[in-house]
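Written out below as structure tokens is the structure these notes cover.
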Amino acid sequence: MSTTIKPYLRLSGLEPLVIRPETNFVNVGERTNVTGSKKFARLVREGHYEEALSVARQQVENGAQILDVNMDDAMLDGVSAMTTYLNLLQSEPDIARIPIMIDSSKFEIIEAGLKCVQGRCIVNSISMKEGEEKFIEQAFICKAYGAAVIVMAFDEIGQADTKQRKVEICHRAYKILTEQVGYDPQDIIFDPNIFAIATGIEEHNNYAVDFIEATREIKQLMPLTKVSGGVSNVSFSFRGNDHVREAIHSVFLFHAIKAGMDMGIVNAGQLVVYDEIEPTLKQLCEDVILNRNNDNNEATEKLIVFAETVKAKGKVEVKDEAWRNEPVEKRLAHSLINGITDYIEADTEEARQKYPTPLEVIEGPLMDGMGIVGDLFGAGKMFLPQVVKSARVMKKSVAVLTPYIEAEKEERKQAHLAAGTTNSEAAGAAKILLATVKGDVHDIGKNIVGVVLGCNGYDIIDMGVMVPADKILETAQREKADIIGLSGLITPSLDEMVHIAKEMKRRGMTQPLLIGGATTSRIHTAVKIAPEYQEGVVHVLDASRSVTVAGSLLSKEQKTDFLQGVKEEYIKLKEGFDNKKVVKTYLPYSDALQNKVAVDWKNHTTQIPTFTGTKVFEAYDLNSLRPFIDWKPFFIAWEMHGNFPDILTDSVVGKEATKLYNDANALIDQLIAEKWLTAKGTIGFWEAGSVGDDVEVISPDGPVQLSFLRQQIKKAADQPNLSLADFIAPKTSGKKDFIGAFAVTLHGIEEHIKKFEANHDDYNKIMLQALADRFAEAFAEALHLQVRKEYWGYDKDEQLSNEDLIKEQYMGIRPAPGYPACPDHTEKYKLFDLLKATDTIGVQLTESLAMYPASSVCGWYFSNPKSQYFGVGKIQRDQLEDYAKRKHMPLAEAERWLSPVLE
């Protein structure tokens, strides 16, 4: 079967990353860079490469889509460091699943990195500064390894500073790369250099115009290439004056993005919505950036004078109510765009009296306003928290109109009954049914997708969590849903999604099926789900993509071509997966079992816990947990990527991130003061000894056998094949050892979720769910600290900051069943039995072994100094059979639970 693959930039680690036209800024994890992370640099310089993997793992877990690795340090052997680190990284499947960006100013380091990575990476960067011959030589090497390249606008003369030079160098590089080297255009990323403006030097005045116009021409000459740049450079003259810098960045990006700029690194200040910059400042920035009215640096001087006044008085927020004098349509649009609920009831009532029917208010000014919101979101000028606030305004307005709409429907119904005629109401908006699948209780992502789709005019049927397949499909058929969307967080949910796809085929259904959630991926959708249902299966990465996908599926003109394109892409992905070129070598399980972590058990002394058995915490103080909150995943839940607290001053999302952070803390103040949530937890310690990959636990109710898995991928000669059992003393060693466990949960959220739903307040509903999850993780962090210093006491002198805790710099680990180090969810049964968690703290396991309430965390405690987080990766049939035998579990059942890690 011949397939046509669209010319997108396609990257991969163990999983693919396709950068499409609708993709905005791709999140690159930058902390694995010795020039950008002091911790990473220290670990690498000291040779602690295994520990340095934790930096990469944290980047991946927190949402990085590409991992930048840089070893440019005068005190390092860069080639050796890059080789060692990338080889280790590639043997950790949970990290290696995303593409690598090999970053160096020295090509020998880049080439060393290219020899190590699997999948398809990016080289950052090559240029013609040493001439064409060297450029071509380096490009051929990059292409031979299948890498995409970033090309700096730099030639033998120097960096390009004018439009003509930028375009000439990029076009010259393009022709060389495409005609002589054989590069596909979509695999080329240009950085045409952004330089500072308003420096007072006449020659610098046109730098921004040169970049913008060069970008426009580059995209016209070479439309499939990408353009990037360091945006903060443009405002460097105003460093220290964030108010002016954020305006310059916003105005610059407004024009540069329109010209075709695809991505940008913005590290200083904040970014305001272009339309909200005060008119005087905006005009001055426009003049300077576009080099207008700037003879003798006139525009520059005016901006400098204005900047001094701003710097002197600082930023003063003045509430501008002038918009209240506008016609009601504009007032409704303003409220929707800015998320203002203060006047929405009164303005809606005014509009209802102005328009012939209440439905026309919805279909007219309200949908017009939401259309603007959708356009701004799609263009990257609004962010998810703003969109959710807009939805809150929309729902409150619709709630005002609903009684009148229903009354009119009833009048029409009675009139038709009296006349003996049929009452045929219009079909209305397209219906999209969303559900979290059976056994899974997580729905924050699904709720966000529902809000965003609702903002774009779709009728959302939200079925909630733990919804059985039959109920999902029967409801979809009864309600005549146009699209079905499935969500899930835990790995067993993937099997349930496959089952639903098969059932849709058996029932002869025709609705397209959307797949989303943290555990899902494009490759899993292509390989496991799409082949089971031929009417269209599409993986949706995040809320911002859902609108584009839904629009394509519901368009008569676009649907066929869109689904055909997705089908061809998924077929290609499946073929690539089935015939993957990267052949990994695995050890027989018996050999892997011999390659354990080397622990000197003879001289090892295990700290004895202060008690054995369990301890319950009935109502843990939420105020004491607040300092332990890791805010980065909170922002990721809102699709705002970046390190905390840096994200609060980020040029792109900083302003809205700060608003979100302030709103979150205000809600925390309220939920603590009013005792909305109750934190319950339990910990336990028991004597234990390892036997192979099992750990025998001595509990008051009798011995319990815990079963763990071992890495089987063949590693370097001095690298062990890890298993959690390695960190517990063997029974034959004669050493007494212990294992611990914990479970924590937050109760009380449902009542407040229902109140927010009744008040049409999705913003605070999603906020509360996200904060409950953060408090559960903070509770786990706080208890682990107490365990290390007090209850187990194996590191009583520990002195770590919250940032250090988030970076997992403590001694010991707390891995969770179902996660990379112990991927079998069924071990939760034993953990819950040991802790008696259901009886003592009221947390339950669903049939798919998710925990309920959803804001719950559990795991094991290991105290051994050599214990570390890792991913088991893929295992072979011999270990599967041995594992099933050790657990006394039918082989087919073990195969089902371990399917995500079976090779």
Side-chain angles (χ1 to χ4, degrees), residues 23-33 35-38 58-68 101 191 194 196 228-236 238-257 261-277 281 285 315 317 339 376-377 379-389 542-544 629-665 767 770 774 803 806-807:
T23 305
N24 292 327
F25 286 75
V26 174
N27 183 33
V28 181
E30 295 181 312
R31 287 186 58 246
T32 45
N33 184 325
T35 63
S37 167
K38 290 182 181 178
Q58 189 176 46
Q59 293 283 281
V60 176
E61 289 173 351
N62 288 339
Q65 293 166 273
I66 297 173
L67 196 67
D68 180 280
M101 179 181 286
D191 185 342
I194 298 174
S228 181
V231 177
S232 60
N233 293 345
V234 76
S235 66
F236 189 71
F238 294 92
R239 59 193 181 279
N241 193 328
D242 288 345
H243 185 51
V244 172
R245 293 195 78 176
E246 70 183 23
I248 292 174
H249 295 163
S250 180
V251 172
F252 176 81
L253 281 174
F254 176 79
H255 293 286
I257 290 169
M261 186 179 179
D262 300 285
M263 56 187 81
I265 301 166
V266 189
N267 294 319
Q270 299 176 341
L271 190 69
V272 290
V273 176
Y274 175 81
D275 293 333
E276 293 183 0
I277 302 170
L281 178 56
C285 291
K315 287 180 71 173
E317 187 172 343
L376 290 170
F377 183 54
K381 296 179 181 178
M382 283 183 73
F383 302 100
L384 188 59
Q386 293 167 287
V387 174
V388 176
K389 287 179 181 177
D542 53 37
S544 61
I629 291 176
D630 179 2
W631 285 100
K632 186 167 183 176
F634 171 81
F635 286 105
I636 289 172
W638 290 93
E639 296 182 13
M640 302 175 89
H641 298 277
N643 292 322
F644 180 85
D646 296 348
I647 194 171
L648 301 179
T649 54
D650 182 85
S651 298
V652 178
V653 301
K655 183 175 181 181
E656 290 308 319
T658 300
K659 288 181 181 177
L660 181 67
Y661 180 64
N662 291 338
D663 289 347
N665 277 288
M767 179 86 74
R774 290 298 89 220
E803 184 179 2
I806 291 168
K807 293 175 181 177

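- Taking 4.5 Å as the limit, some side-chain heavy atom of I277 sits within range of a side-chain heavy atom of S250.
- Nearest heavy-atom pair across A657 and M640 is N-CE, 3.4 Å.
- Contact check for K655 versus E246: no side-chain heavy atoms found under the 4.5 Å cut-off.
- Residue S235 comes nearest to R245 through the heavy atom pair OG-NE, 2.6 Å, listed as atom of the first residue, atom of the second, then distance.
- For the residue pair G642 and I647, the shortest heavy atom distance occurs at N-CD1, 4.1 Å.
- Taking the side chain as every heavy atom from C-beta outward, N662 and T658 approach each other to under 4.5 Å.
- L660 CG to W631 CH2: the interatomic distance, rounded to the nearest 0.5 Å, is 8.0 Å.
- Counting heavy atoms from C-beta on, the side chains of H243 and L281 come closer than 4.5 Å.
- The two residues M767 and F634 come nearest to each other via the heavy atoms SD-CZ, 3.5 Å.
- Residue H249 holds its NE2 atom at 10.5 Å from CG of D650, rounded to the nearest 0.5 Å.
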